[in-house]
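Notes follow the structure.
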Amino acid sequence: MIQEKDRIIRELNDEITKIKDIQELQNVKAKYTGKKGILTALMKNISSVEPENRKNYGMEVNSLKEEIENIINEKTEEIKKSEKEKQEMKNWVDVTADGAKKISGREHLIMKVMRESFEIFTNLGFTVVEGNEIEEPWFNFDALNTPKWHPARDMQDTFYIDEEHLLRTHTSAVQIRTMMKHQPPIAVVSSGRTYRKDEIDATHSAMFHQFEGLYIDKNVNVGHLKKFLEIYAQKMFGSNLKVLLRPSFFPFVEPGFEVDVSCISCGGKGCSVCKNTGWIEVLGAGLVHPNVLRNVGFDPEKWQGLAFGIGIERIAMLKYGISNMRELFKNDIRFIE
Ligand code: DAH
């Protein structure tokens, strides 16, 4: 009997080590302790045992049963534990892990400068108007005192769609469209894309953005122009900025100016940004030419006007220290961020 007991336990242990789930374990359990199992068979066998040995035999079978049950219980616990661990691994959450990143949009610097420019002038009482990116030559050139034979037309000559349509070379065309629609006094600003057949380099692009202003009223003079531009420059770059008007030529203004601001980088002392001049050119401006007023049917004896055109990219580059204009158009998310 003893020998058989050891063999049974050995076999059970062998079987059990291979078991991986509860179902397999149930089968093994049935084989040993079930109604038709090994233990039952041993128990039934008691009738063939000598009467005086039956007590011992019964005790041995019982202790064997206990041993088998212990082994099976132990294995049951082991399987349950490993299944629980597996489940926990599946549901494991690392509370210290980074959360899913939400990518939020950013305002592009061009749009930001445009919006801020609008804000400055609407606060001064200007109204925002829209123009056309596809313009007619009359609005873009002729009405702005730049007839076909005018050399200034060459400098801006551009992308024609057909004889009567072109991509506007400046936002100044909006001045004409506005004056054709409204009677003075007029105070408007407008902004958008403009196009020229420029070679693309660090400071030029065939497509860029301008911001145009027009103010028509009685007795408008250069003092008004300078003050508006000073307010703009100081709100955009800082209150200690100075504005300088340098006489220059644009066909649609008289007098015309190129407008500088004191260098944002060195404050006017002279540095590499301002090429040691202390000044940086930021826009063109002037008093509206009498011919332009006449072209839209206004009497220049009665009405005067001031106008200005600002390069949005130029302002953005100065304000944010960007040395290559192409950065503004590359659409690189890292740059925008
Ligand atoms: N349209 C000019 C340009 O693109 C800029 C400009 C100069 C606009 C003088 C104006 C102005 O309104 O008065 O270069």
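Whatever order the structure lists them in is the order used to number ligands and atoms, beginning at 1.
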Exercise. Are Glu327 and Lys330 ion-paired here, with the side-chain N under 4.0 Å from a carboxylate O?
Worked result: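 The answer is yes: the pair qualifies as a salt bridge.
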Answer side chain, backbone, both or neither: which part of [X] comes under 4.0 Å from ligand 1, heavy atoms only.
X      : answer
Ala285 : backbone
Phe252 : side chain
His289 : neither

What are the atoms of ligand 1, with element, lying closer than 4.0 Å to any heavy atom of [X]?
X      : result
Gly286 : 13 (O)
Gln210 : 3 (C), 4 (O)
Gln175 : 12 (O)
Glu212 : 8 (C), 10 (C), 12 (O)
Val253 : 13 (O)
Phe250 : 7 (C), 9 (C), 14 (O)

Exercise. Quick one: do the Ser63 and Lys5 side chains pair a donor with an acceptor below 3.5 Å?
Worked result: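 Yes, a side-chain donor-acceptor pair sits under 3.5 Å.
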Problem set entry | Any donor-acceptor N or O pair under 3.5 Å, side chains Thr33, Glu69 |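 There is no such pair (donor and acceptor under 3.5 Å, judged by atom type) between the side chains of Thr33 and Glu69.
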For [X] and [Y], I'd like to know if the aromatic rings sit close, meaning centre-to-centre distance below 6.0 Å.
X      : Y      : value
Phe308 : Phe228 : no
Phe252 : His170 : yes
Phe211 : Phe118 : yes

Exercise. Any heavy atom of Gly256 sitting closer than 4.0 Å to ligand 1?
Worked result: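 The answer is no, since Gly256 has no heavy atom less than 4.0 Å from ligand 1.
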Exercise. How far does OG of Ser117 sit from CD1 of Ile315, to the nearest 0.5 angstrom?
Worked result: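 Reported value, rounded in 0.5 Å steps: 6.5 Å.
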Exercise. Any idea which heavy atoms bring Glu212 and Ser172 closest together, and the distance?
Worked result: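 In terms of heavy atoms, the two residues are closest at OE2-OG, 2.9 Å.
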Problem set entry | Verdict with supporting geometry, Arg334 and Asp332, salt bridge (Lys or Arg N to Asp or Glu O under 4.0 Å) | CA-CA 5 Å; Arg334 290 166 303 178; Asp332 188 329; 2.7 Å; yes
For this session: Out of His170, Arg168, Arg196, indicate the one that has the non-hydrogen atom closest to atom 1 (N) of ligand 1.
Result: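 Going through His170, Arg168, Arg196 one by one, His170 has the nearest heavy atom to atom 1 (N) of ligand 1.
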For this session: Say whether Thr169, considering both its backbone and side-chain N or O atoms, lies within less than 3.5 Å of an N or O atom on ligand 1.
Result: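 No, Thr169 has no N/O under 3.5 Å of an N/O on ligand 1.
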Exercise. Ligand 1 and Gly284, any nitrogen or oxygen pair closer than 3.5 angstrom?
Worked result: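 In fact, backbone or side chain, Gly284 has no N or O that close.
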